[in-house]
Each structure stands twice: as C-alpha cells, then as structure tokens.
Amino acid sequence: MIFDIQLAEELSAITHLPAQEISDMLEIPPDRQLGDRAFPCFKLAKTMRKNPQFIAQEIADNIKKPNFIERIETKGAYVNFFFNRAVLAQTVLEDILNKGEHYGSSDKGNGSVVCIDFSAPNIAKPFHIGHLRSTVIGNSLYKIYEFLGYKCIGINHLGDWGTQFGKLITAYKHWGIKDDLEKEPIKALLDIYVRFHDEAEKDPSLEDEARLWFKRMEDGDEEALSLWRWFKDLSLREFNKIYDMLGVKFDYYTGESFYNDKMDRVVELLQEKGLLTESQGALVVDLSQYDMPPCMIKKTDGTTLYATRDITAAIYRKETFDFDKCLYVVAYQQDLHFRQWFKVIELMGFDWYDKLFHVPFGMVSMEEGTLSTRKGRVVFLEDVLQKAVDRTLDIIKEKNPGLENKEDVAKQVGIGAVVFHDLINNRIKDIVFSWDQVLNFDGETGPYVQYAHARAMSILAKATQTINGEVVGDLLTEDEALELIDLLARFPEAIEAACQANEPSIVARHTIDIAQAFNKFYKNHMVIVDDDELQKARLTLVYATAQVIRIGLSLLGIQAPAKM
RNA sequence: GUGCCUGUAGCUCAGUGGAUAGAGCGUCUGGCUCCGGACCAGAAGGCCGCAGGUUCGACUCCUGUCAGGCACACCA
C-alpha cells in the first residue's frame, strides 16, 4: 500500500535503516484504538544501545509527519500512527475508481510464461470431488498470475493412456452396450470398469486379456485405438460439461498419450548422460546419494512409466513454451514422485530444474474413508454442483421470488459456493467431505461474499444520486469506513502474496474480510440519505467495494451476480 | 523403519518473531416504522499436542517427543 511505503521511507530517513526492512517491520496493531499502523522499536534497541521506549519517543518527536498521518502516539516500544482518514479515503477510492476492474493488477510478471498443469482427470473415470481441488486451485492460480502480468498456459495433462484402457476394452467387448455408453458415458464406463474388477477376481484370464488389448494399443492396432479414441471422446464430452459449469478453460489438452512418441528420445538422452542403471531388469536413475529411492524410467517389460512421461512433458514444454515457471497442481501424495523427477531433470543438466514447482494440496476423503472409485465410495462432482444449485434455487424462491433468471443466478451462486468452499482454506489441509459444510451458505462462504456484492449493487441501483468519479474523502471517516477502506487498500498485496505462495486462499480470505467489513458499514450507516454530498461519498465507497469484491471473486473463478 | 505434511475454541480454520491469540459453523441472547435478515450485535467456549532451547520477546524459528495423514521402484 502506498502509504505504508511512504511511511517506511520517512522512518528510514530517521532510523537510517533500509526502507524495505522498515516496511517488513511495520505492522497493523491488534486494536484500532492503538493506531492504524505500528512500528516496534525493540530491534533498534540493540544497535542503538538505548531503551526501546526512549527510541520510540524519539522517533515520534522527530519524524517528518506525512500528510496522510493525522497523529502519532507512542505506547511502550511502539510508535503508533493514525491515518488521516479523509486523505486515506480520498487516495484509495480515487485509485480504485481510476483502475476499475484492473485494480490490484500489475505488470510484475512482464509477460514471462507460467505453465500451469492442473485438473488432469483420468479418462473413463468419473470426475469426483477429489478432482475438484486441482481444477479450482489451478484455475485460480491461472487468473492470479495472469492478473499480475504473466502469460499463462493452462495444461490439462489428461490420464488418457495406460492399462486401464485394456481393461475397459476387454469389459466393453464382454458386456458393453453401445446405447448406455452414448447416453451416460461416464457412468456406463464406470459400471463396466467396476464389473471388470469383480469378474477378474473370479476369472484372472481377463487380466491377461486386458494386458493384451493395451499391448495392441501400444502397437498401433486400429481396432484397439478406435475404441480408445471413442472412450476418450465420450469422457471429454462429459468433462467439458463440468468445466463449462465451473467456467474453467485450458489452453492445451495434451494428455499422457501425447507423449507416447516423444519418450524414446528422452530415454536415449538419459542413456547418453550415463544416468540410467539397470536394476532387477528395469531401467532406473539412481538417486541414493540424494536420499531418495530410484526413479524408474522403464519397467522390466520395457514399457514406460509416469515419471518417464513427466520428464518428457517437462522437456517438451520447456522447448515449446520456454516457461519461466511450471506449476504442477497435484495432490501431496505425489510429493516424492515430483522430487524424484525434478532431480532427474537437474542431473540431466537442464538449468531450469528450479523452475519446476509442485503445488501440493490436501486429500479429500469421506467420513467413511478415502475415496475409491472401484469400491464405489465416491461423490460425483456433477451431483455436488447440482445439489448446490438446487438448494440455491430453493433459497432464491423463498427469499427473492421476484428475481428474474433464477436458474442462471442459482448456478452462479451454487457453483460459487462449492468452489469457494474448496479455496477458502490453505490448500495443504485435508478435507473430509461434508454435505452440511458444502451446502452451508452462511458465514465464511461464497454466497456470503456474493450477497454482500448484491447488496452493494442494489444500493447503487436505488440511489438518488449518481457518482461521477469525484471522491469526498472528508465524509468517509467513520470507524467502519476506515476498516473497509484499509482492507480495500491492502487488496493488491493480498493478490501478490497469493501469487508468491501459490495460495488462492489468501485472496479468498481477504475478499471475505472485505465483505464482512462492508456488511458492518452497511449496518451502521445508511447510504441513501437526504444529504446529497454524504450520499455521494458513501455511494463511491459502495461502488469501490463492489468493484473489489468482483475482482476478488473473479480471481477465484467465481461469478458475482448483481441480484440473487 | 525412513522421509514429507498436519496438530490453535465442541467442529472447520486464520494468524510476515511483537501489544490482551482471532474468524466462521454450532449453542444461547438480542436486533428490521430504516438502502436486501444468505445480515448485524452480544455471550459462552483456549496449558496454540507435549517438553526443552534460541531471543528483549515464540502459536510462529531450532531440537526432541507424542498423535494423525501421506509416501517409500515395475499404477498414475
């Protein structure tokens, strides 16, 4: 925030410490009564060999007071600064009005390329709540990086190759009915997949049959491949329905099969570099001196693995996009896998190994235990989204029966609730799926934020005055206004912090804080009042708040209806 | 067994080494002659897993320990 920087400079001038260091030391007091910003002097005590309280007093007495600071107090070792609320309001709101929907954006990224690998569902398997996290976290990071001036490339590394397709083809050949597959592809595919495992327990020869079909796929057999393509198309069609609902887009759908013909070269390269060793008939890169198990490149039967594909994909992406960063939004279970193959990239002599980042997130499980497609212990995302939308529609019918386009709004709010719920907490936390929590729309939830926005929009629509870009900061000095404006002022920092930590929850939290502060202001101060000037001043604040909430939600991939 | 992650209010979680540890849910109480009650206000609820250490100062950093989760080569 601009005032923090200027304040740090003034403090720097008097303490002779670098402004950046001061800036890091500046804090927000636990209680507004104490001040709006605080500078603790404990650290100075050591170097200056003086009592910190004395130093605080000295700073307070001698600092050149900037115009945005109204008064300075000391309390113990703290120098406490109180903003001139009118100047603060004036500056911050003018800034938001000027920048509009670009408020908080920057060109910090300077067009450098960030590849974001996210979502990556397995073809022919249902899209369940476990896949949601990678999808919404990746999508939000995409928007955040883009907002900060990076060129983002969203890649859906589909799980579209492997022995499971052999199983599916086998199952289809035995029990498949074409109509079911066309009508409800994923569920039909899941059914025959589950059935395959049941039957294979009784008749192990089915496994051999499945391996044979996969072998035929690998060998380019047309019958096998056309069935594979058919399954893939059916699945993608279903996935795209989900992605449409979520408003998620990818620049590339280059799945695992895309790298089939690119791996040989990489294996050769590994061979040339002398990194491959044979172990129990398989080809591995030994990582024992890095305290990791070996990274397997080729199985005993000569086929490739996950790691082989990931290494190949990384090299391909570097060559194709020349990324400055490549993020892998993948569950933390795969932490070791990523550490292993990142190390292999380093050992291959690629100096960009430190531009690869695993962005891990916690597991989603059910009260009954971990999700398991095979055991049928699974909650389909489509069902979750549908239930959330249905519930929203019920609430709208009850609370706002006159609302036009109810269905559209219910989608925006219901889906927003599910997405927000997945983004509000630190991504490393595990989630135990609970309908009660997902469908709760009170408190720290998406609908709460959307509701605050809708209220703001409603006021703007009903106002008797119009705002004209002119800000009257003098009239926005109440405690609630100060709190709200300070949060609006710090919004850009929240975006930067979120980008820095690859952590959308920082934006989600900050947006919640703004909505809360707005609701408090709303409760305590009428906006549409007889005093025209006062009304204009407050309308401007309402307008700016709505603008920032909209930006916050959009960075999370959530819509902000004007009415709900 | 080894490595990684997580332990903060009944539950879900915030908390760049700084002041009296904060929200939401749930529970209890109160609030629309007034811009949208999906809201607001208040109450109750805490040895910040435990023990050491570093520091003027530790929920935060270090070490140890306990508990839970995850991973540990022919799945992805």
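By convention in this document, chain letters (A, B, ...) are assigned in the order of the sequence lines, proteins followed by strands, and residues within each chain are numbered from 1. Worth knowing before you read on, the calculation uses all heavy atoms, side chains too, and leaves out hydrogens, waters and symmetry mates. Here the structure is a predicted model, which is why all the values come from computation and not from measurement.
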I'd like to check Leu460(A) versus Val542(A) (side-chain heavy atoms, cut-off strictly below 4.5 Å). Are they in contact?
yes

Choose from C34(B), G69(B), A38(B) the nucleotide whose nearest atom is closest to any side-chain atom of Met526(A).
C34(B)

Whole angstrom is fine here: how far is it from CE in Met363(A) over to P in G68(B)?
15 Å

Please measure how far the C1' atom in G7(B) lies from the corresponding atom in U29(B), and state the result in whole Å.
33 Å

Can you check whether Asn519(A) has a side-chain N or O nearer than 4.0 Å to OP1 or OP2 of C40(B)?
yes

Dot-bracket for RNA chain B, please. Rules: Watson-Crick or G-U, both distances under 3.5 Å, ( ) within the strand, [ ] when a pair crosses earlier ones, | for another strand, . otherwise.
(((((((..((((....[...)))).(((((.......))))).....(((((..]....))))))))))))....

Residues in ring pair (Phe, Tyr, Trp, His ring centres under 6.0 Å) with Phe3(A), at least two apart?
Phe68(A), Phe83(A)

Just the rounded figure in Å: distance from C1' of C39(B) to CG of Leu484(A).
16 Å

Pick the C1' atom in C70(B) and in U63(B), then give their distance to the nearest Å.
24 Å

Stacked cation flag Lys167(A) on Phe165(A), 6.0 angstrom / 45 deg:
no

Listed pairs, N/O of protein and of nucleotides 9-14 of chain B, under 3.5 Å:
residue	atom	partner	partner atom	Å
C13(B)	OP1	Asp430(A)	O	3.4
C13(B)	O3'	Asn425(A)	OD1	3.3
C13(B)	O2'	Asn425(A)	OD1	2.8
C13(B)	O2'	Arg509(A)	NH2	2.5
A14(B)	OP1	Asn426(A)	N	2.9
A14(B)	OP2	Lys429(A)	NZ	3.4

Mind checking whether Phe491(A) and His510(A) have parallel, tilted or perpendicular rings, split at 30° and 60°?
tilted

My understanding is that only residues two or more places apart in sequence, or in another chain, count here; which of them pass salt bridge (charged side-chain N to carboxylate O under 4.0 Å, His left out) with Glu493(A)?
none

Protein-nucleotide distance (His358(A), atom NE2; C5(B), atom P), rounded to Å
13 Å

Hey, can you pull the residues of residues 396-410 of chain A with a non-hydrogen atom under 4.0 angstrom from RNA chain B?
Ile396(A), Lys399(A), Asn400(A)

Tell me every residue that passes salt bridge (charged side-chain N to carboxylate O under 4.0 Å, His left out) with Arg391(A), counting only those two or more places apart in sequence or in another chain.
none

Do the side chain of Thr392(A) and the base of A38(B) come within less than 3.5 angstrom through a donor-acceptor pair of N or O atoms?
no

Those residues at least two apart in sequence (or on a different chain) that pass salt bridge (charged side-chain N to carboxylate O under 4.0 Å, His left out) with Arg550(A) are none

Looking only at atom C1', what distance separates C61(B) and C25(B), rounded to whole Å?
33 Å

Do Asp436(A) and Ser434(A) get their side chains close enough for a donor-acceptor pair, meaning under 3.5 Å?
no

Before we go on, tell me: are the rings of Tyr328(A) and Phe338(A) under 6.0 Å apart, centre to centre?
yes

Per atom distances to the Lys523(A) side chain, the nearest of C70(B), C39(B), U16(B) is C39(B)

Check: protein-nucleotides 43-45 of chain B nitrogen or oxygen pairs below 3.5 Å:
none

What are the residues of residues 282-310 of chain A, sorted by number, that bring a heavy atom to within less than 4.0 Å of RNA chain B?
Ala282(A), Val284(A), Pro293(A), Pro294(A), Met296(A), Lys299(A), Thr300(A), Leu305(A), Tyr306(A), Arg309(A)

When all nucleic acid strands are considered with a 4.0 Å heavy-atom cut-off, which category describes Pro360(A): base, sugar-phosphate, or nothing?
nothing

Identify the pairs formed between an N or O of the protein and an N or O of nucleotides 55-64 of chain B at a distance under 3.5 Å, and give each distance.
residue	atom	partner	partner atom	Å
C56(B)	OP1	Lys46(A)	NZ	3.3

With rounding to the nearest 0.5 angstrom, report the CD1 to OG1 distance, Ile424(A) to Thr445(A).
9.0 Å

For a quick test of reading the model: is some side-chain N or O of Arg339(A) closer than 4.0 Å to OP1 or OP2 of G3(B)?
no

Pick base, sugar-phosphate or nothing for His421(A), based on heavy-atom distances below 4.0 Å to the nucleic acid.
nothing

In whole Å, I'd like the distance from the NZ atom of Lys462(A) to the P atom of C34(B).
12 Å

Report the distance from atom CG of Asp513(A) to atom C1' of G24(B), rounded to the nearest whole Å.
11 Å

So what does Tyr451(A) hit on the nucleic acid, given a heavy-atom distance under 4.0 Å: a base, only sugar-phosphate, or nothing?
base

Please report, rounded to the nearest Å, how far the P atom of G22(B) is from the CD atom of Gln516(A).
15 Å

With Asp310(A), which residues qualify under salt bridge (charged side-chain N to carboxylate O under 4.0 Å, His left out), at least two apart?
none

Test of understanding: with ring pair (Phe, Tyr, Trp, His ring centres under 6.0 Å), list the residues that count as partners of His131(A), not counting sequence neighbours.
Phe127(A), His128(A)

